[in-house]
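These notes are about the structure you will find just below.
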Amino acid sequence: MSKIRAAITGIEVFLPEYRLTNRELSTMVDTNDEWIMQRIGIKERRILKGDLATSDMMAAAAKKLLESTHTSPDEIDFVIAATNTPDMWLPSTACIVCDKAGIRNAWGFDLLAACSSFIFALETVNKFVESGQYKKVLLLAGDKMSSIVDYTDRNTCPLFGDAATALLIEPTTEDVGVMDHNLHADGAGAPYLNLKAGGSKLPASYETVNNRLHYVQQDGKTVFKYAVSNMADVAVEMMERHSITPDDLAYLVPHQANLRIIDAVGRRMGLPPEKVMINIEKYGNTTSATIPLCLYEWKDKLKKGDKLILAAFGGGFTWGSLYLKWAL
Ligand code: UT7
């Protein structure tokens, strides 16, 4: 019997309308467009305004996806919401999105793995689909990073933006879909990138609020160093494992945290710049959404069977690469 793999058979995105430009940021903290463009490569990022949450973005993307793939909400049998900014601790954002999108026959949960959330979730879905029991899976990936970013901290506030994506994943026995993975999690990285308060270790108190501990914090230089070496190592390893040359590979689809990190990884893989998907300038680091946002924007250029390597690095530390053959 041929092997069952998970294939992406539909993809939609939701981008908030509001654009926070470098010019506006420079009125909020001591920064400027030149520094941000040179050190990070971001021009603007989208911000979700008003009384809206991650589930609203995900539900909007999910509804578009159901429509564009002609899928009834009743057909969805499993849902994963990859996010670091759930609407609340309980219930899961997956539950809330199911309700908002009219999905009644599925079960599911949230998956939190910082900037690696999407690739961790895609491999998790792959394993469920491989079992043969799941036929139409909804993979949601998105974050309202503006809800955990400190807009008085110039070290972090230029980096992040808000967005959500929704993907339909179905089984295939063709030679496409998720081919292989190389994923890692190492809590020794915890001191360098974290959000300290609001969990069981440091529940919310006046003190945690006064000390601004409900915002994401990082030691940027250390994270940068590990991001470049770990992302490049797993991406190169994936090429070697499958004897993929730079000519064979259609694209590297990297997590979008910093243009300098992306360029360094592409160079280590021996890729020309046109084989690296980059849209960080328009959206910044949307955490769980960066990789599917790239896939969405490049989908018209992709052909069935195109070889892609997805690579990410983030808090945890978590990192890894996935080898995917495009199925659409
Ligand atoms: O996706 C999750 C993983 N996260 C990442 O991958 C992020 C990894 N880290 C980075 O991308 C970079 O480390 C940053 C973009 C966060 C910072 O860039 P850097 O080149 O590492 O800068 P730095 O922190 O070493 O700061 C260099 C200088 C400092 O000034 P002095 O001490 O040299 O006078 C900072 O105070 O730049 C200053 N600086 C800024 N200047 C203008 C820091 N932030 C800013 C800013 N505008 N926004």
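Note that ligands are numbered from 1 as they come in the structure, with each ligand's atoms numbered from 1 the same way. Any value given below was found using the heavy atoms of this structure, including those in side chains, with hydrogens, waters and symmetry copies removed.
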field: Between T286 and D162: side-chain donor-acceptor atoms closer than 3.5 Å
entry: no
- request: Please indicate, with yes or no, if any protein heavy atom is found under 4.0 Å from atom 1 (O) of ligand 1?
  value: yes
T156 touching ligand 1 at heavy-atom level, < 4.0 angstrom: no
message: With nothing but distance in play, are any N or O atoms of G220 less than 3.5 Å from an N or O of ligand 1?
response: yes
Under 4.0 Å to a heavy atom of D30 - the qualifying atoms of ligand 1, by number: 42 (C), 47 (N)
message: Quick check on atom 43 (C) of ligand 1 - does any protein heavy atom sit closer than 4.0 Å to it?
response: yes
- request: Could you say whether the N/O atoms of N32 and ligand 1 ever approach to under 3.5 Å?
  value: no
- request: Just need the protein heavy atom nearest to atom 7 (C) of ligand 1, so name the residue and atom and give the distance.
  value: Q218 OE1, 3.6 Å
Nearest-contact summary for atom 24 (O) of ligand 1 - protein heavy atom, Å: N155 OD1, 4.5 Å
message: For K49, is there an ion pair with E17 - N to carboxylate O distance below 4.0 angstrom?
response: no
query: In the protein, which heavy atom is nearest to atom 39 (N) of ligand 1, and how far is it?
result: W35 CZ2, 3.4 Å
statement: the protein heavy atom lying closest to atom 47 (N) of ligand 1 turns out to be T31 OG1, 2.6 Å
task: Determine, for D153 against R212, whether the closest basic-nitrogen to carboxylate-oxygen distance falls under 4.0 angstrom.
output: no
query: Would you say atom 32 (O) of ligand 1 has a protein heavy atom nearer than 4.0 Å?
result: no
statement: ligand 1 to A257, heavy atom cutoff 4.0 Å, flagged ligand atoms 1 (O), 5 (C), 6 (O)
- request: Using a 4.5 Å cut-off on heavy atoms from C-beta on, say whether the side chain of F128 contacts that of N126.
  value: no
task: Would you mind reporting whether M37 and N22 have side-chain heavy atoms less than 4.5 Å apart?
output: yes
field: atom 18 (O) of ligand 1 protein-contacted (non-hydrogen atom, under 4.0 angstrom)
entry: yes
message: Under 4.0 Å, heavy-atom basis, I'd like to know which part of I36 is in contact with ligand 1: side chain, backbone, both or neither.
response: neither
query: Is the shortest heavy-atom distance from the side chain of V97 to the side chain of V79 under 4.5 Å?
result: no
field: D33/R23 ion pair, N-O < 4.0 Å
entry: no
- prompt: Is R46 reaching over with its side chain to a backbone N or O of G161, donor-acceptor style, under 3.5 angstrom?
  reply: no
- prompt: Do D175 and K325 meet the salt-bridge criterion of a basic N to acidic O distance under 4.0 Å?
  reply: yes
task: May I ask you to decide whether R154 forms a salt bridge with D30, counting only side-chain N to carboxylate O separations under 4.0 Å?
output: yes
- prompt: Against heavy atoms of I261, which atoms of ligand 1 measure under 4.0 Å?
  reply: 6 (O)
- request: Would you mind running through ligand 1 and noting each atom that sits below 4.0 Å from a heavy atom of I40?
  value: 15 (C)
- request: Could you tell me whether D74 and R104 make a salt bridge, using a distance below 4.0 angstrom between a side-chain N and a carboxylate O?
  value: no
Short N-O contact, D233 and R268, less than 4.0 angstrom: yes
- prompt: Considering only heavy atoms of H255, which atoms of ligand 1 have at least one such atom less than 4.0 Å away?
  reply: 1 (O)
message: Any carboxylate oxygen within less than 4.0 angstrom of a Lys/Arg side-chain nitrogen, looking at K127 and E130?
response: yes
query: Just which atoms of ligand 1 are under 4.0 Å from any heavy atom in P158?
result: 48 (N)
For atom 5 (C) of ligand 1, the protein heavy atom that lies nearest, with its residue and separation: V223 CG1, 3.6 Å
message: I want to confirm something. Looking only at heavy atoms, which of R154, Q38, R39, K225 is nearest to atom 30 (O) of ligand 1?
response: R154
- prompt: Considering only the protein, which heavy-atom contact is closest to atom 14 (C) of ligand 1, and what is its distance?
  reply: N258 ND2, 4.5 Å
statement: Looking only at protein heavy atoms, what sits closest to atom 23 (P) of ligand 1 is K221 NZ, 3.9 Å
- prompt: Does atom CZ of F224 have more than 12 heavy-atom neighbours, drawn from other residues, nucleotides or ligands, at distances under 6.0 Å?
  reply: yes
task: Run the numbers for me: atoms of ligand 1, each under 4.0 Å from some heavy atom of C115, listed by number.
output: 1 (O), 2 (C)
